[in-house]
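None of the values given here were measured: they were computed from a predicted structure. Note that ligands are numbered from 1 as they come in the structure, with each ligand's atoms numbered from 1 the same way.
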Amino acid sequence: MHTSSLKDFDSDIYQSIKKEQQRQEEGLEMIPSENFVSPAVLEALGSVLTNKYSEGYPGKRYYGGCEFIDEVETLAIDRAKQLFGAEHVNVQPLSGAPANVAVYFALLKPGDTVLGMDLSHGGHLTHGHPVTYMAKIYNFVRYKTNAEGLIDLDNLRQMALEHKPKIILVGYSAYSREIEYEKIKAIADEVGAITMADIAHIAGLIAGGQMNNPVPIFDIVTTTTHKTLRGPRGGMIMCKEKFAKDIDKSVFPGFQGGPHENNIAAKAIAFKEALEPEFKEYTKQIKKNIKVLEEELRKRDYKLCFGGSDNHLLLIDVTPKGVSGKEAQIALDKAGITVNKNMIPDDPRSPMDPSGIRLGTPAITTRGMKEEEMKMIATWIDEAIANHGDDAKLAGIKQQVAELTKKFPLYPTLK
Ligand SMILES: *Cc1c(COP(=O)(O)O)cnc(C)c1O
């Protein structure tokens, strides 16, 4: 095999990685599903664990030589149980979408009904968007949020009574409020439905004690590990003991092949980090920071969906400011602020050019930014949107952004 460094062997890929690192260092990363992992997590991802096949589960593998892999996966499982108070954990899902698919395969027959939230109200593609294969196999029906931006529990109950779903699904990608798991569990019990929460976005806030934890209440909880939880890209399923066998069989051999143990080691490291007191402080700061942005943007007459934020993100209807979500995203990009265009509830516009933008504080909080920086950022966001199309003005903001990010170096030891 080649023994030369990446830089010497493949300067094309090396240069792209370095340019991406510089982009991350210089910009303000405000996509709410993104974050920055620690050097220890990066180290595990690039470790020799990537060489190993280990189909099966700790103590029950199809391959030899898994004794150290078993140590890694067992640590990941035990730490996740401790972090969320879970009865059973499967750390093998390759990402959030496969975790959800594995749950559907485990619990549903083709044609069975799932009650999830309307996608324009914050649900995820894997919750039955018509473009997914899941929507062809299963019958997805929808509840909505009410005028105050809260989950419409009356509507949810009415839909549950009418459609008798096999699964009631909560947990979202663009929803910014708290979720009342007990009330939803009570409705599910009334119709005999399994409760499933997809906490992909808010897992870190839950682990840090800053949001309600569905794990003790719900039957099944899926998550990613790379959003607020600040671990490697990956997925995880937590469930009650009663569903453990079905879930494990569904992940492997039902759906996936060999687990990615380098990634599972990185998950274990992220869970260890999340168990530390510093992580609680981090998640508190995520929420303080979004509250400052919320106040500052409200002062400037921005239309905030769902009535504001209880978590790490805001969904903003930018059309009253005379721009579409796409135009706002482009203007902010040119100003060095990365957000994403997003549908708002019952959006009259199209998904490729919707009415809103979605932004969040997990990544910039990881860099150490606090209330004072949020005020500066709110000013720049407003200036960028007001001056969309004026590239000179936007470049001026980008300059100021770069100066701020220099004070919060991201990977100072990563050359
Ligand atoms: C991000 C997300 C997913 C999908 O995760 P991937 O790792 O991108 O597959 C699933 N559900 C929700 C609610 C999400 O926000």
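- Of all the heavy atoms of His226, the ones lying under 4.0 Å from any atom of ligand 1 belong exclusively to the side chain.
- Atom 11 (N) of ligand 1 has its closest protein heavy atom at Asp198 OD2, 2.5 Å.
- The shortest distance between side-chain heavy atoms of Cys66 and Glu261 does not fall below 4.5 Å.
- Not a single N or O atom of His127, backbone or side chain, sits closer than 3.5 Å to an N or O atom of ligand 1.
- Here the protein heavy atom with the shortest distance to atom 9 (O) of ligand 1 is Ala97 N, 2.8 Å.
- Taking every non-hydrogen atom of Ser173 and a distance limit under 4.0 Å, the qualifying atoms of ligand 1 come out as 12 (C), 13 (C), 14 (C), 15 (O).
- Under a 4.0 Å criterion applied to the non-hydrogen atoms of Gly96, ligand 1 contributes the atoms 4 (C), 5 (O), 6 (P), 7 (O), 9 (O).
- With a heavy-atom cut-off of 4.0 Å, Ala200 touches ligand 1 through its side chain alone.
- For atom 1 (C) of ligand 1, the nearest protein heavy atom (residue, atom name, distance) is Lys227 NZ, 1.4 Å.
- Checking Ser120 against Asp347 by side-chain atom types alone, no donor-acceptor pair falls below 3.5 Å.
- Annotation for ligand 1: atoms under 4.0 Å from non-hydrogen atoms of Thr224 are 5 (O), 7 (O).
- Short contacts between ligand 1 and His201, defined as distances under 4.0 Å to a heavy atom of the residue, involve ligand atoms 15 (O).
- Cation-pi geometry between Arg230 and Phe36 is not satisfied (NZ or CZ under 6.0 Å from the ring centre, within 45° of the ring normal).
- When only modelled atom types and interatomic distance are considered, Asp152 and Thr145 share no side-chain donor-acceptor pair under 3.5 Å.
- Ion pair Arg61/Glu73 flagged as a salt bridge, since at least one NZ, NE, NH1 or NH2 atom sits closer than 4.0 Å to an Asp/Glu carboxylate oxygen.
- Every atom of ligand 1 with a heavy atom of Tyr172 under 4.0 Å away is listed here by number and element: 13 (C).
- Within the structure, the closest approach of Arg233 to ligand 1 does not fall below 4.0 Å when heavy atoms are considered.
- Under the 4.0 Å criterion applied to side-chain N and carboxylate O atoms, Lys240 and Asp219 are not assigned as salt-bridge partners.
- The single protein non-hydrogen atom nearest to atom 7 (O) of ligand 1 is Ser95 OG, 2.4 Å, given as residue, atom name and distance.
- Contact check on Glu295 versus Lys299 returns no salt bridge, with no Lys/Arg side-chain nitrogen under 4.0 Å from an Asp/Glu carboxylate oxygen.
- Under 3.5 Å, the side chains of Asp198 and Asn100 contain a donor-acceptor pair of N or O atoms.
- A donor-acceptor pair shorter than 3.5 Å cannot be found between the side chains of Tyr302 and Asp317.
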